Structures are given as C-alpha cells and as structure tokens.
Amino acid sequence: MTYRLPSLNTLRAFEAAGRHLSFKTAASELGVTAGAVSQQVRKLEDSLGVALFRRLPHGLLLTDKGETYLPAITAVFDDLTEATEAIAPKINSKKFRVGVCASVKRMLPVTWPNHVDTLRNHVRDWVETNDTEMIRKDEIDCLVRSRGGPYGELTLIIIPAPPAGQDLHFVCKPGLADCRQSKAILQDLMQHVARAS
C-alpha cells in the first residue's frame, strides 16, 4: 500500500502550533525559528488545499478543519513516540530530566519519581538544583523550586499551596509547559503540596 501523506516536518509544525496557538512557542519547542514553523504550516495547508489556521495580529485560531485535524495528528505522534520507545527505550524522547530544589525534595517521597507509574512513564531522572540556567543549557527539562524569579523567557507555572503553605514554582521552556510530561509532574506535585500543608 502506498501512503499519500504530507511531510512529517509539516505535520510536526502544525501539531506544535495547534497545541500552543503560536508559531513562536511552537518554534521554541521544535528548536527552529517562528518563520520556519509558519512556512511549514503554509506548505501543509497548500498541500492539503485547506486553511488550518486563521492568522490574527496577536496569535492564531484553528479553523474548523484545523480543529478536526489536530487531535488526530497529536494522537499519531503519541503513537509514534510509544512505538519508537518500545523498540529503542534508550531514546527516552518522552521522559524529562527534572531539577528539584532541596526544600521541595524534602516534601516528596524518598522514591520520587518512581513511586507511581504515571511519573515513571514521564520522568527519566532528577537532579537536586535551584539553577534555572540548567534549563537554558538543556541540562534539565524543567525545574521545581520553592521560590525564585524572575525567569525571563522561561515559562512559570505556580503550584498553589493551601493558605498555610508556600507556593511552588514549576519552570520550563515555553514549548514544554503544555505537554503531557509537564502535566503529569504538575499533577503529582499538586497532590504532595496539598498533603504537606
């Protein structure tokens, strides 16, 4: 069987831009320029003969066809990732290296992140640090700390603590804030913050 499909690069650009509704944030995730993402999406739209985005002065909106296409393409990339890691586990393409400051580590289980399957599937390992430069140098994918900032171009997600506790800062590159790895880590951290307070 011969598959007549758009190029993988155009699909990756569309999927990232669709998740973030931003060429700039998609570019940060993919390690290319915003112009390159925009060009790849335009190429995909031309090959399909349909508009996938409405380009607005301050961002993007998916068209009806784009909204229909995006979840299916995201699912395909998830399947490709799982199939690849099933035969080549050393790739760890979907697992994060997490930085954790000392005060946060004290509130986590001794076996963190191996205490639950959801994190074992998303976290490769962790290192004790408070240094945001490790994110910029690609030495870690995200950092969890008890306070800090400013973070510049990095994305900050605040994990709120109950009234008596202290909020945590989850810091990562803009393209990683919305991915399933970040969501799994954030969900686990929220449970521990609630228990610790």
Side-chain angles (χ1 to χ4, degrees), residues 1-55 59-99 113-114 116-126 135-143 154-155 157 170 172-189:
M1 178 187 294
T2 301
Y3 297 100
R4 295 186 62 202
L5 297 170
S7 81
L8 190 60
N9 284 340
T10 64
L11 292 171
R12 286 181 70 215
F14 164 67
E15 196 275 336
R19 261 187 297 113
H20 299 296
L21 293 178
S22 164
F23 290 145
K24 183 178 179 182
T25 307
S28 174
E29 177 179 322
L30 298 174
V32 296
T33 65
V37 173
S38 176
Q39 186 178 28
Q40 289 294 326
V41 169
R42 180 69 71 192
K43 186 175 174 183
L44 176 62
E45 290 173 320
D46 290 346
S47 73
L48 296 174
V50 298
L52 299 169
F53 291 106
R54 287 183 53 217
R55 289 151 176 85
L60 301 170
L61 281 179
L62 287 162
T63 63
D64 288 344
K65 294 195 182 208
E67 284 185 11
T68 300
Y69 201 38
L70 180 63
I73 297 304
T74 299
V76 167
F77 278 111
D78 286 346
D79 288 346
L80 283 170
T81 299
E82 289 174 17
T84 301
E85 290 186 347
I87 63 160
K90 290 184 179 177
I91 286 182
N92 280 328
S93 61
K94 67 178 182 182
K95 292 188 178 183
F96 274 14
R97 184 161 205 236
V98 182
N114 295 313
V116 290
D117 285 341
T118 50
L119 282 189
R120 274 195 294 273
N121 292 334
H122 295 296
V123 178
R124 179 173 63 248
D125 62 3
W126 69 277
I135 300 171
R136 293 182 179 94
K137 294 176 183 176
D138 293 322
E139 295 171 358
I140 57 175
D141 298 295
C142 61
L143 172 64
L154 299 176
T155 296
I157 299 173
F170 178 90
C172 64
K173 289 187 177 177
L176 299 179
D178 235 0
C179 67
R180 60 185 176 171
Q181 297 89 335
S182 292
K183 287 177 182 174
I185 295 165
L186 285 164
Q187 183 177 9
D188 186 73
L189 290 169

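Predicted model only: the values in this text are computed from it and were never measured.
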Can you tell me how far [atom2] of [Y] sits from [atom1] of [X], rounded to the nearest 0.5 angstrom?
X: Arg55; Y: Leu60; atom1: CZ; atom2: CG; value: 7.0 Å
X: Cys172; Y: Leu154; atom1: SG; atom2: CG; value: 8.0 Å
X: Phe170; Y: Leu189; atom1: CZ; atom2: CG; value: 7.5 Å
X: Leu11; Y: Leu5; atom1: CG; atom2: CG; value: 7.5 Å

Evaluate the side-chain proximity of [Y] to [X]: yes if any heavy-atom separation is below 4.5 Å, no if none is.
X: Phe96; Y: Leu176; result: yes
X: Thr155; Y: Lys173; result: no
X: Asp141; Y: Lys95; result: no
X: Leu48; Y: Pro6; result: yes
X: Gln181; Y: Val123; result: no
X: Glu45; Y: Arg42; result: yes
X: Val32; Y: Phe23; result: no
X: Leu44; Y: Leu52; result: yes

In sequence, state the C-alpha distance, the side-chain angles, and the governing distance for Cys142 and Ile135, and then conclude on side-chain contact (heavy atoms from CB on, under 4.5 Å). CA-CA 6 Å; Cys142 61; Ile135 300 171; 5.5 Å; no

Minimum heavy-atom distance between [X] and [Y], given as atom pair plus value:
X: Pro113; Y: Leu119; value: O-CB, 3.2 Å
X: Ala51; Y: Thr63; value: O-OG1, 2.7 Å
X: Ile157; Y: Ala177; value: CD1-O, 3.9 Å
X: Ala13; Y: Gln40; value: CB-CB, 3.5 Å
X: Val37; Y: Ala17; value: CG1-CB, 4.3 Å

Kindly check if the number of other-residue, nucleotide or ligand heavy atoms within 6.0 Å of CD (Glu139) is above 12? yes

Who are the side chain to side chain donor-acceptor pair (under 3.5 Å) partners of Ser47, not counting sequence neighbours? none

Would you list the atom pairs, donor with acceptor, under 3.5 Å between side chains in residues 69-79 and any protein atom, with sequence neighbours excluded?
from, atom 1, to, atom 2, distance (Å)
Thr74, OG1, Glu15, OE2, 2.9
Thr74, OG1, Leu70, O, 3.1

Leu21 backbone acceptor or donor facing Thr25 side chain under 3.5 Å: no

Output yes when a side-chain donor or acceptor of Thr10 lies under 3.5 Å from a complementary backbone atom of Ser7, and no otherwise. yes

By side chain to side chain contact (heavy atoms under 4.5 Å, CB included), Asp125 pairs with (sequence neighbours left out) Arg97

Salt bridge flag under 4.0 Å for residues Glu67 and Arg54: no

